[in-house]
Amino acid sequence: MQSKSSQSQGLLLFKLTQLQNFALGTLKIQEIVPYQALTQIPKSNPNVLGAVHIRGKSIAVIDMAAAVGYPPILEADRDSAVILITDCSRITVGFLIRKVERIIECNWKSIEPPPQQLGHKTYITGITRYEDTLIQLLDIELLLAQILPDDADTAIEITGVQKGLLQNSHILLVDDSATARKQLENALTNIDVPFKVCNNGNDALAVMKACAAEDNPIDILVSDIEMPGLDGYELAFEVRDTSFLANTYIILHSSLSSSMSVTRATEVGADVALTKFEAQELVNAMLRGASKK
């Protein structure tokens, strides 16, 4: 099975410096606009340059190079720069970059995890090559979490009986973004619910098969949709297509604010599709799965 994400999503290649090549999945990008004068935003993060006004909407603009640790784009160079307008985690934001290279088709199975020596605080979620050039995929969720943090109260309302249901369920969390994994882990740790965790779909499928072989199958799978290698759609399809895994309750989530993500998730057999991390919404979905055991 080839997933919808593999078929339809390309990579936008761009530069933050004169040498390094970076990319974002095209589904996260709404449009590309030339640099224009920005309105200052008081008390904003130092990497927020200001706001741009597009079709009556004010959108914060972030210096992406500075945000990931490279020299900032100087004011004298901004006239030749462009702004990527992205839609991620239900947040519309602009990223100032030096130059757009091109959009290419991409086989997401060919994208590899970043080298381990980069550590856990890297802004890279994967690497690939194009015409013998190394391309680094940026972790936009991590950037947004650090620069525009969500200060909403994340307390979870759950009864003792409900907690017991989840504690007696075998739960697996899967996400290639360290930021997203931490959010998922914190949500369950805070209510004292045990879980397993993987950072890619291939490992998750292997864990599920191993657990089933030990007669301790995964009851609830919570997986990101956009992942290099085996993505969430494909993972859900494989689970539904494997007889001894098919009863797993599947929750797919994505930072893409798109109805297409929800529709495709249903098509491949997911029970629930979420388009932004909200701890209470996640736990409610998991409780629906636990009650079906």
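Using a 4.5 Å heavy-atom cutoff, the side chains of Tyr123 and Thr179 are not in contact. You'll find the side chain of Thr125 stays beyond 4.5 Å of the side chain of Glu226, heavy atoms only. Using a 4.5 Å heavy-atom cutoff, the side chains of Met64 and Phe14 are in contact. By the 4.5 Å heavy-atom criterion applied to side chains, Asp224 and His253 are counted as neighbours. The shortest distance between side-chain heavy atoms of Val222 and Phe195 does not fall below 4.5 Å. Residues Leu166 and Ile158 meet the side-chain proximity criterion, which asks for heavy atoms closer than 4.5 Å. Looking at Gln167 and Pro194, their side chains come closer than 4.5 Å, going by heavy atoms from C-beta outward. Residues Val197 and Val174 fail the side-chain proximity criterion, which asks for heavy atoms closer than 4.5 Å.
Hydrophobic cluster of Ile83: the remaining members, joined at side-chain heavy-atom separations below 4.5 Å, are Val33, Tyr35, Leu38, Leu49, Val52, Ile54, Ile59, Val61, Ile73, Ile85, Leu96, listed by chain and number.
Between Ile220 and the choices Asp271, Leu173, Ile251, the side-chain contact (heavy atoms from CB on, under 4.5 Å) rule is met once, by Ile251. Of the listed residues (Thr86, Thr92, Leu84), just one forms a side-chain contact (heavy atoms from CB on, under 4.5 Å) with Gln30, and that residue is Thr92.
When all heavy atoms of Ile225 and Ser254 are compared, the closest pair comes out as CD1-CB, 3.6 Å. What you find for Leu24 and Leu138 is that their closest heavy atoms are CD2-O, 3.8 Å. In terms of heavy atoms, Gly269 sits closest to Ile250 at O-CD1, 4.3 Å. Of all heavy-atom pairs spanning Thr39 and His53, the tightest one is OG1-NE2, 3.3 Å.
Residues meeting the side chain to side chain donor-acceptor pair (under 3.5 Å) test with Ser58, sequence neighbours left out: none. Residues that satisfy the side chain to side chain donor-acceptor pair (under 3.5 Å) test with Asn168, not counting sequence neighbours, are absent from this structure.
For NZ of Lys182, the number of neighbouring non-hydrogen atoms (other residues, nucleotides, ligands) closer than 6.0 Å is 12 at most.
Between the side chain of Thr242 and the backbone N or O of Leu245, no donor-acceptor pair lies under 3.5 Å. Put simply, the side chain of Arg240 gets close to the backbone of Thr248: a donor and an acceptor are under 3.5 Å apart. Here the side chain of Asp241 pairs no donor or acceptor atom with the backbone of Phe237 at under 3.5 angstrom.
Residues Glu141 and Lys28 are paired through a salt bridge, judged by an N-O separation under 4.0 Å between the basic side chain and the carboxylate. Ion pairing of Lys99 with Asp77 is absent here, as no side-chain N (NZ or NE/NH1/NH2) approaches a carboxylate O to less than 4.0 Å.
Lys163 contributes atom NZ, which lies 6.0 Å from atom CG of Asp192 (distance to the nearest 0.5 angstrom).
Note on Leu134 and Val68: same hydrophobic cluster, where clusters join Ile, Leu, Val, Met, Phe, Trp and Tyr whose side-chain heavy atoms are under 4.5 Å apart, directly or indirectly.
No side-chain donor-acceptor contact under 3.5 Å links Glu101 and Tyr130.
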